[in-house]
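The structure appears below as structure tokens.
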Amino acid sequence: MPELPEVETTVRRLRQPLIGRTFTGTSVMWPPMVRPPGVELNDRLPGQRIQSIRRRAKYLVFELSGGDRLIIHLKMSGDLRVCEAADALDRHDRIVFELDDGNQLRFNDTRKFGRVYLLAEPGAVLGRLGPEPLSGWFGEADFLALFERRSGRIKPLLMDQTFIAGIGNIYADESLFEAGIHPLRAADTLSETEKRRLYHAIRQVLSLAIRHQGSTLRDATYREGRYQDRFCVYGQHGRPCARCGSMIERVRVGQRYAHFCPACQQ
DNA sequence: CTAAAATCCTGGTGGC
DNA sequence: TGCCACCAGGATTTTA
């Protein structure tokens, strides 16, 4: 479920039940999800209180009273749920965090790609990330500056987390449509006007998606989001473009598909 | 340098 | 109904 809007929605949903709670124990059903390998959550987590929860790129960052940070990446299929201890475990619950109010935070992840880090110094995980696209400090000029010495196609560049943080397959496609830019364009051929359009498209698409609590796909576990009803191109191949009526196309870029309108996007 | 493929995993879907 | 290939919101590492 996770690109920036879905992770932001998850953070906002977790704050009320979790801030102020203290971890009392953990059960790890799939140890490879805890990084680096061999870190015993039970050695350091119990007794630490959750002081704040924030999002950085697609990571959730829990600031803890003992000076550590619990950092979680949901990857493709992860979900975080607050449950009562008596609730039956789901077969895809991989890590259970026990809380001092008797509830549990459960990391459910069908595909086991998700990752949990417990670190005093988060730089190793968060250090190389690009700017937050919705930050008040991130202006047009900052976005233009990112393009210096960057080549390659614009769509993979938008999904490069060291270029800009939080954009994945859906919101890269939707932002490029909104900006009228073809996903296979070389980044160093974009005019300044096109880059400015892209800057505003990214911010508009991401903030509207957050307002709709992200997108819900086939995945039955994450149902809050409604932004999928507003997709202009993602998953719309073979259907007419709502703006011009041309057929939406789909093309492979690396291992992923890019969806675009061949008339609206040049 | 870019870019594509392989990798980590499970489950749903569509074709035959 | 079964089997199989392919697909999926990510990101790193390897290979070309």
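Chain naming here is simple, since letters A, B, ... match the order of the sequence lines and numbering starts at 1 in each. Values below: every heavy atom of this structure, side chains too, minus hydrogens, waters and symmetry copies.
Contacts of residues 251-258 of chain A with DNA chain B (heavy atom under 4.0 Å): A:G254, A:Q255. For the contact set between residues 230-242 of chain A and DNA chain C, defined by any heavy atom under 4.0 Å, the members are A:Y234. Of all the residues in residues 118-134 of chain A, not one reaches under 4.0 Å from DNA chain B with any non-hydrogen atom. Of the residues in residues 162-185 of chain A, those with a non-hydrogen atom less than 4.0 angstrom from any atom of DNA chain C are A:G168, A:N169, A:I170.
Ionic pairing of A:D109 and A:R91 is not present here: no N-O contact between side-chain nitrogen and carboxylate oxygen is shorter than 4.0 angstrom. Using a cutoff of 4.0 Å between basic side-chain nitrogens and carboxylate oxygens, A:R54 and A:E63 are scored as salt-bridged.
A gap of 15 Å separates the P atoms of B:dA6 and C:dA5, to the nearest Å.
A:Y171 meets the side chain to side chain donor-acceptor pair (under 3.5 Å) test with A:E6, A:S215; sequence neighbours excluded. Not counting sequence neighbours, the partners of A:H73 by the ring-ring contact (aromatic ring centres under 6.0 Å, His included) test are A:Y59. Listed by chain and residue number, A:R21 satisfy the salt bridge (Lys or Arg N to Asp or Glu O under 4.0 Å) test with A:D100 (two or more places apart in sequence, or in another chain).
To the nearest angstrom, P of C:dT12 lies 12 Å from CE of A:M159.
Taking a pair as Watson-Crick or G-U wobble with both distances under 3.5 Å, the runs of three or more consecutive pairs in DNA chain C are B:2-8 with C:10-16, B:10-16 with C:2-8.
Applying the salt bridge (charged side-chain N to carboxylate O under 4.0 Å, His left out) test to pairs two or more places apart or on separate chains, those with a residue in residues 113-142 of chain A are A:R55-A:E132, A:R56-A:E132, A:E140-A:R196.
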Pick out the pairs of N or O atoms, protein on one side and nucleotides 14-16 of chain C on the other, that lie under 3.5 Å.
none

For residues 143-154 of chain A, please give each side-chain donor-acceptor pair under 3.5 Å, one per line with the distance, not counting sequence neighbours.
{"residue": "A:R150", "atom": "NH2", "partner": "A:D160", "partner atom": "OD2", "Å": "3.0"}

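For DNA chain B, the contact window with chain A, defined by any atom under 4.0 Å from a protein heavy atom, covers B:dC1 to B:dG11 in 5' to 3' order.
Using a 5.5 Å limit on the distance between ring centres and a 30° limit on the angle between planes, the aromatic ring of A:F113 does not count as stacked on the six-membered base ring of C:dA11.
Between A:L60 and A:T10, some side-chain heavy-atom pair lies under the 4.5 Å cut-off.
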